[in-house]
There are 2 protein chains.
Amino acid sequence: MTSIPPEQGEVRRPTIRDVAKHAGVSKSLVSLVLQGSDQVSPARRGAVLQAMEQIGYRPNAAARSLSARRTGTIGVLLSHLRNPWIVDLLDGLHPILHEHGLRMLFGDGRLNQRTDESLIQTFLEMRVDGLVLVGTIPISPAIAQIAGEVPTVIASSRDIDLPSVDTIAADDWRGAESATRHLIELGHTRIAHISGRGVVGAIRRQAYEETMRACGLEDDIAVEAGDGGEEGAYRAAVKLLSGGKRPTAIFASNDMSCIGALSAADDVGVRTPEELSLVGYDNTYLARLRHLWLTSVDPANEEVGRRAGRALLARIDDPLRQAHVDLVEPSLQVRGSTVPIPGASSPTT
Amino acid sequence: MTSIPPEQGEVRRPTIRDVAKHAGVSKSLVSLVLQGSDQVSPARRGAVLQAMEQIGYRPNAAARSLSARRTGTIGVLLSHLRNPWIVDLLDGLHPILHEHGLRMLFGDGRLNQRTDESLIQTFLEMRVDGLVLVGTIPISPAIAQIAGEVPTVIASSRDIDLPSVDTIAADDWRGAESATRHLIELGHTRIAHISGRGVVGAIRRQAYEETMRACGLEDDIAVEAGDGGEEGAYRAAVKLLSGGKRPTAIFASNDMSCIGALSAADDVGVRTPEELSLVGYDNTYLARLRHLWLTSVDPANEEVGRRAGRALLARIDDPLRQAHVDLVEPSLQVRGSTVPIPGASSPTT
DNA sequence: GTGAAAGCGCTAACAT
DNA sequence: ATGTTAGCGCTTTCAC
């Protein structure tokens, strides 16, 4: 027990042992207090808490989880921190997990994707109690294996289908349908679509087309491919607006695309909304800017987050339970960018 | 050593012990391989790696950090995940830390602020090797103590001043100065300012006023308080534009405010940019939308992130080193929202 | 190069 | 209600 002089700043941190000594109790009593057990007399509890305070004790999560074999931590892998809807989803997810004493740790899939190391690996090495994959994550074959190791749910992505992974997502089909229907109810018939990428883009497009058909507008179906961003949508809209049969309304696959279409209309000299109604998707704060004020489909991301949280809790409880796909109903947020077509009968609803 | 039947899904995970047995070597040899030591013969290393692969071994971070007394993890506390510039900063921060074998773990200050538990506590309990505080974090007195426990740097906030904490931020004074100067060089004299909140808002406002004075425009100084968002700026701009001496240019404290001013101009019937030039701040993707195309000050957030990373590494290296405040030079991104005032002499630059 | 042994700080039986 | 004991999985001297 030679006392080694502490290196600069390298003070040995107090442990429960020190707390116990200081409070005049045993190690395990301290441990019980730490876990909020009610098997401890108020007097001793107070003494322990005071001792902790005095010597500046802070629990060591590594030691705790090594011993307890659980971390109380959920790994949340985000596809792309820049997606504004991700925050809405987290707003729904967090309270659910917090209620159950779980904390979230985030990783940005995009950041670590560029480098060799996978964040999922990190999470697994940390032995997180659960994993939430948010958005479209580039799927390595490893993910199937991972889902076998730790309770996993996927939120806001439809790209993965595993027997042991729950999927919670907005019902894109219904959302795109309601957007299209809204325009039809306003009297529009020449309704074009600027499509987005990935599975989500495909679903929204399909819903648009089927809804058009269901309303007898199959001859008016017009789709231009966007790139999910402003630029691609701009080019797509220019094409649509300079063609022979100009649409009176455009349903864009997301808000960014909608803004691209808006710019295109400006540049081509088509007035909005008088000559062109626009509907976006995602109901991001872009759509809420009074300068834009776009009608947009709200995917109810907060609800997606809540349900993802509940699904994860259920799966932690019973890892072998059957996988579910849970689609949340979106709602249409009507704003200034959509108006009845001039001379049309007033909308049904 | 009674073999306990595994509960459902509760398979005991393989440890280095199992790897060692499988590979026919000792525990510590496995440990060396794990750490990439070059003291291991290629043959044995191969055998160990193969064994790991075969039995599906995954290191246990808790055990490792308990033993090694370091986690290789940096806690990054974000003021608000919704701030778009945060991602730019992380883009700069991440590679620096990664180069040095450190990974980042994020926390959203806002999420956990609503609840009782502090995320900083969590990071401290995890024994992160360092802490990066990004943006304006609601400062508890605890933060001073925390900075004493773990190397800490603050990025993009000027609100904290501690002897042991480095601050890296954009030079808001210079940024606001260059915005104001840009308008003056375009021939504008009646330049108004919509101010923002917090220390940052105050600095930008001050720089605006001093620059106006320095150019002999003290009589044209006009400031309306915004709220950092679109709404407040809208109201502020309406006031400015309906007053007697209408400004020909507005410098807004951030891009959102700038858009608020843009809407106000629209509604009041003032054409932009012909009758009103606008400058924003932050150069977010809002400013880059071709529909808006705002001149905006770019705070060089990626560079802030890089320098924050370097500062943290230096402080981890030498916890007692003196605290520095490092201001990064912003640059003005000129776009379509600013034009020379009609009849003015062509700009100097 | 390789292996044995001693903890890191905590939890969780089990005894009192 | 409180103390005792045996690990959790890994790193790290220190011998060989």
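Throughout, protein chains are lettered first and strands after them, A, B, ... in sequence-line order, and every chain is numbered starting at 1.
Both B/Gln39 and A/Arg70 sit near DNA chain C, but only B/Gln39 has its closest nucleotide nearer the 5' end.
For A/Arg64 and C/dA12, the CZ to P distance is 10 Å, given to the nearest whole Å. Atom C1' of nucleotide D/dT4 and atom CG of A/Leu32 are separated by 13 Å, given to the nearest angstrom. The nearest whole Å value for the distance from the CD atom in A/Glu125 to the C1' atom in D/dG9 is 13 Å. Whole-Å rounding puts the A/Arg13 CZ to C/dG9 P distance at 10 Å. Taking atom CG of B/Leu66 as the reference point, atom P of D/dT12 lies 12 Å away to the nearest angstrom. What separates CG of A/Asn60 from P of C/dG7 is a distance of 18 Å, to the nearest Å. Rounded to whole Å, the distance from CD1 on A/Ile16 to P on C/dA12 is 11 Å. The CE-C1' distance, from A/Met126 to D/dG9, rounds to 16 Å in whole Å.
Here A/Ser67 does not reach the OP1 or OP2 of D/dC8: none of its side-chain N or O atoms lies under 4.0 Å away. OP1 or OP2 of C/dG1 has not a single side-chain nitrogen or oxygen of B/Arg44 nearer than 4.0 Å. Here A/Arg69 does not reach the OP1 or OP2 of D/dC8: none of its side-chain N or O atoms lies under 4.0 Å away. For A/Gln35 and C/dA12, the shortest distance from a side-chain N or O to OP1 or OP2 is below 4.0 Å.
Nearest approach of B/Leu312 to B/Val132, heavy atoms of both residues: CD2-CG2, 3.7 Å.
The main-chain N or O of B/Thr15 is found under 3.5 Å from a side-chain atom of B/Asp18 such that the two form a donor-acceptor pair. Side-chain atoms of B/Asn60 come within 3.5 Å of backbone atoms of B/Ala63 as a donor-acceptor pair (strictly under, hydrogens ignored). For B/Arg315 (side chain) and B/Arg321 (main-chain N/O), a donor-acceptor pair under 3.5 Å exists by modelled atom type.
As judged by a 4.0 angstrom heavy-atom cut-off over every strand, B/Ser31 is placed among the base-contacting residues. Within 4.0 Å of B/Arg17, counting heavy atoms only, lies no atom of the nucleic acid at all. Residue-level contact check: B/Ser28 touches the bases, meaning some heavy atom is under 4.0 Å from a base atom. No contact: B/Val30 has no heavy atom under 4.0 Å from any strand.
The side chain of A/Ala68 lies closest to C/dT11 when the candidates are C/dA6, C/dT11, D/dG9. When each of C/dC10, C/dG3, D/dC10 is scored by its nearest atom to the side-chain atoms of A/Thr15, the top-ranked nucleotide is C/dC10.
The line from CD of A/Glu53 to NE2 of A/His22 is 11.0 Å long, rounded to the nearest 0.5 Å.
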